[in-house]
Amino acid sequence: MFDWMPEWWSYRPADFLMFSAASYARLLERFHRDTWPLALVMLLLGLVLLWGAARRRQVAARAGTGVLAAVWLWVAWGFVASRLGEIQIGIHFVAAAVAAQAVVLALIALQRNATPGPANTAGLAIAAAGLLLWPVLAPLTGRTLMQAELFGMEPAPTSLFTLGWLWATGLRHRRWAAVIPAAVLVLSATLLWLLSGGG
């Protein structure tokens, strides 16, 4: 009656992935080529957002959070649903969560009593890591820079940037807005681990 149980328990987490590290790298490269020069625009946008957060101005914090909401919406549709959804069943639930983050950020941007925090150096450093250092992980894992995950293009670096931005600006309700980016980072780290042969 339960003859299928031994076979079921023999599965590893990696067995539920429907793509390999090589196919994921090709997907990233094709996405970046198809949308070029959007990756460059996102890099410049990230630098502007960092500059705005460093100024600790209420208007810059609110406007930047609104811009981040649009960035998350693009990542949800442009990459997770449209590209990653082609090679992994069930990824649309992740796309919905990423889109929900855009809504959360948009609602925070509408808060009139948003107040940037007095100490934002650590937050700026984390945001800068998401923008400038995360792509360096690609060559370290055998991928080219065209196959790197980038801010505004893929969820993981966008999540790290957002966590730093929220910390740097000190906006109200930032803890709620940090839940989905933190979860995305855990999911992304798990994905990278599985693609590298773990699990």
Side-chain angles (χ1 to χ4, degrees), residues 11-50 67-102 105 124-165 178 180-199:
Y11 281 102
R12 299 175 302 138
D15 294 329
F16 294 95
L17 283 179
M18 304 182 69
F19 54 92
S20 65
S23 60
Y24 183 63
R26 288 193 298 270
L27 174 75
L28 290 170
E29 182 172 1
R30 188 169 65 250
F31 177 55
H32 295 155
R33 290 188 187 281
D34 291 347
T35 57
W36 183 259
L38 185 57
L40 180 60
V41 173
M42 288 296 182
L43 173 61
L44 296 176
L45 179 61
L47 292 173
V48 171
L49 288 173
L50 283 176
V67 170
L68 270 180
V71 169
W72 273 82
L73 196 60
W74 157 248
V75 172
W77 176 81
F79 179 73
V80 181
S82 299
R83 299 301 178 111
L84 203 52
E86 294 179 353
I87 61 174
Q88 181 66 46
I89 293 175
I91 204 69
H92 291 87
F93 293 106
V94 177
V98 175
Q101 176 66 16
L105 289 171
L124 288 174
I126 292 172
L131 180 67
L132 303 173
L133 296 183
W134 192 278
V136 179
L137 292 176
L140 296 178
T141 57
R143 288 183 276 144
T144 67
L145 284 177
M146 277 299 290
Q147 297 169 341
E149 293 176 313
L150 307 172
F151 163 76
M153 304 296 286
E154 285 80 37
T158 305
S159 295
L160 189 59
F161 182 95
T162 301
L163 288 174
W165 165 268
I180 293 177
V184 167
L185 282 176
V186 171
L187 186 62
S188 297
T190 303
L191 174 63
L192 291 176
W193 175 65
L194 292 176
L195 289 176
S196 67

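Numbers here are sequence positions counted from 1.
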Using a 4.5 Å cut-off on heavy atoms from C-beta on, say whether the side chain of Leu27 contacts that of Phe79. yes

Quick check for you: to the nearest 0.5 Å, what is the distance between Ile91 atom CD1 and Leu187 atom CG? 6.5 Å

Can you see which heavy atom on Ala97 is nearest to which on Ile180, and at what distance? O-CD1, 3.4 Å

To the nearest 0.5 angstrom, please state how far the CZ atom of Arg33 sits from the CD atom of Gln147. 9.0 Å

Measuring only between side-chain heavy atoms, which start at C-beta, is Met146 closer than 4.5 Å to Trp36? no

Using side-chain heavy atoms (C-beta onward) and a distance below 4.5 Å, is Met42 in contact with Val71? yes

What pair of heavy atoms forms the shortest contact from Trp134 to Ala156, and how long is it? CZ2-CB, 3.3 Å

Sole residue of Leu38, Leu50, Leu68, Val67 in side-chain contact (heavy atoms from CB on, under 4.5 Å) with Leu45: Val67

Flag side-chain contact, heavy atom, 4.5 Å: Val75 against Val80: yes

Spacing of CZ belonging to Arg83 relative to NE2 belonging to His32, to within rounding of 0.5 Å: 9.5 Å

Closest non-hydrogen atom pair between Ser159 and Trp72, with its separation: OG-CH2, 3.2 Å

Checking Trp74 side chain against Gly152 main chain: does a donor-acceptor pair fall under 3.5 Å? yes

With side-chain contact (heavy atoms from CB on, under 4.5 Å) as the criterion, how do Val98 and Thr158 come out once you've worked through the C-alpha distance, each side chain's angles and the decisive distance to 0.1 Å? CA-CA 10 Å; Val98 175; Thr158 305; over 6 Å; no

Which heavy atom of Leu150 sits nearest to which heavy atom of Ala39, and what is that distance? CD1-CB, 3.6 Å

Nearest 0.5 angstrom please: Leu132 CG to Leu43 CG, how far? 6.5 Å

Does any N or O in the side chain of Glu29 come within less than 3.5 Å of the main-chain N or O of Ala25, such that one atom is a donor and the other an acceptor? no

Heavy-atom side-chain proximity of Arg143 to Leu28 below 4.5 angstrom: yes

Under 4.5 Å between any side-chain heavy atoms of Glu154 and Phe31, yes or no? yes

Between Gly130 and Pro135, which heavy-atom pair has the shortest distance, and what is it? O-CD, 4.3 Å

How far does OG1 of Thr162 sit from CD1 of Ile126, to the nearest 0.5 angstrom? 12.0 Å

CG of Leu160 to OG of Ser188: how many Å apart, nearest 0.5 Å? 10.5 Å

Please name the pair of heavy atoms, one in Leu73 and one in Ala102, separated by the smallest distance, quoted to 0.1 Å. N-CB, 3.8 Å

Any donor-acceptor pair under 3.5 Å from Ser82 side chain to Trp77 backbone: yes

